[in-house]
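Encoded as structure tokens, the structure appears first; notes follow it.
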Amino acid sequence: MRKDKAVWEHQRTYEQSKRQYLGEDVLKNTGSAVVWWLAKNDEHVEKTVADLGLLAQLTSAANDSDIPERLQELLSPSRTDGPDEFDETDGPVSPDAFGGAPGRRSAADHLSDLFDAMGFPEEDPRRAMLVAQFAHIIKEQNRYETAEEVLRRFAPPEPEDDAA
């Protein structure tokens, strides 16, 4: 029984050490994951480049964070809810039209389109109410950066102090 306990303790310590190594070193960010992968698979550079999106997703999941926008374009279309390359009303999306990555529209851009389609102008109080609800739901999905972007974009303007 003592031997079984010692084996179990050893396995547990090994697992904890491996999780710490992966979490704090290997999957700290996409760059460290790429370096680690190349060190283990240096003969597969082209495959590593092809798998950058997958490594970005792994590091994002390991750190409970959004995938950085600069890496969004590396994700395969089936794994993203990214934008269509063609907007039916405005034609092709220009690279810098929305301030994000070239050719990409942010969640806030799509939310703006939704508000426009629903007929909610900027000054409509329902818009601010919906923004707060959407941001809350987005945060529940662990997409904190996206929720903050939505709140920044649609936050009502600060009232001016007329007492000055």
Side-chain angles (χ1 to χ4, degrees), residues 15-37 48-164:
E15 181 185 328
Q16 287 174 329
S17 175
K18 187 173 183 179
R19 283 196 321 253
Q20 182 178 7
Y21 168 66
L22 289 172
E24 293 177 6
D25 293 337
V26 175
L27 298 174
K28 179 174 60 175
N29 57 47
T30 304
S32 61
V34 168
V35 170
W36 173 81
W37 185 253
T48 304
V49 171
D51 289 343
L52 284 175
L54 178 60
L55 290 170
Q57 288 178 305
L58 284 172
T59 56
S60 174
N63 293 295
D64 196 21
S65 64
D66 291 344
I67 297 171
E69 283 194 37
R70 63 185 168 77
L71 299 174
Q72 290 281 336
E73 66 187 43
L74 299 174
L75 303 178
S76 66
S78 63
R79 292 188 180 151
T80 66
D81 57 348
D84 296 329
E85 291 182 12
F86 188 83
D87 182 330
E88 293 177 18
T89 58
D90 300 323
V93 177
S94 66
D96 296 315
F98 302 100
R104 296 204 51 92
R105 297 190 64 208
S106 70
D109 295 326
H110 291 287
L111 189 54
S112 179
D113 290 344
L114 174 66
F115 291 148
D116 292 344
M118 293 174 67
F120 294 164
E122 287 186 29
E123 61 278 354
D124 192 320
R126 295 175 294 181
R127 193 170 172 144
M129 179 188 69
L130 286 171
V131 164
Q133 290 174 344
F134 277 120
H136 177 75
I137 292 167
I138 293 167
K139 283 180 183 177
E140 286 180 342
Q141 303 306 311
N142 297 323
R143 302 295 297 232
Y144 302 105
E145 292 173 15
T146 302
E148 291 303 317
E149 176 195 1
V150 165
L151 288 171
R152 271 192 312 274
R153 170 117 173 235
F154 296 103
E158 294 292 322
E160 293 182 22
D161 190 7
D162 292 334

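All values below were derived from every heavy atom in this structure, side-chain atoms included, with hydrogens, water molecules and symmetry-related copies excluded. Computed from a predicted structure; not experimentally measured.
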Query raised in the report: Excluding sequence neighbours, so at least two apart, what forms salt bridge (charged side-chain N to carboxylate O under 4.0 Å, His left out) with K18?
Result: none

Query raised in the report: For S65, does its backbone N or O pair with a side-chain atom of E145 as donor and acceptor, under 3.5 Å?
Result: no

Query raised in the report: Salt bridge between E15 and R19, side-chain N to carboxylate O under 4.0 Å?
Result: yes

Report summary line: Rounded to the nearest 0.5 angstrom, the CD1-CZ distance for I137 and R143 is 15.0 Å

Report summary line: When rounded to the nearest 0.5 Å, the distance separating OG1 of T48 from CH2 of W36 is 10.5 Å

Requested in this report: Could you walk me through whether T146 and D66 pass the side chain to side chain contact (heavy atoms under 4.5 Å, CB included) test, one step at a time?
Outcome: CA-CA 8 Å; T146 302; D66 291 344; 3.4 Å; yes

**Report entry** Flag for S112-D109: side-chain donor and acceptor within less than 3.5 Å
**Finding:** no

Query raised in the report: How many angstroms lie between CG in L55 and CG in L71, if you round to the nearest 0.5 Å?
Result: 10.0 Å

Query raised in the report: E149 and S106: which non-hydrogen atoms are nearest, and at how many Å?
Result: OE2-OG, 2.8 Å

Report task. Sort and list the pairs that fulfil side chain to side chain donor-acceptor pair (under 3.5 Å) and have at least one residue in residues 115-125, not counting sequence neighbours. Result -> D124-R126

Query raised in the report: Can you name the closest pair of heavy atoms from A147 and K139 and give their distance?
Result: CB-CG, 3.4 Å

Query raised in the report: Between A33 and T59, which heavy-atom pair has the shortest distance, and what is it?
Result: CB-CG2, 3.7 Å

**Report entry** Pairs involving residues 114-136, ordered by first then second residue, that meet ring pair (Phe, Tyr, Trp, His ring centres under 6.0 Å) (sequence neighbours left out)
**Finding:** F115-F154

Query raised in the report: Does E148 reach the side chain of L151, with side-chain heavy atoms less than 4.5 Å apart?
Result: yes

Query raised in the report: At their closest point, which heavy atom of N63 faces which heavy atom of N29, and how far apart are they?
Result: ND2-N, 4.5 Å

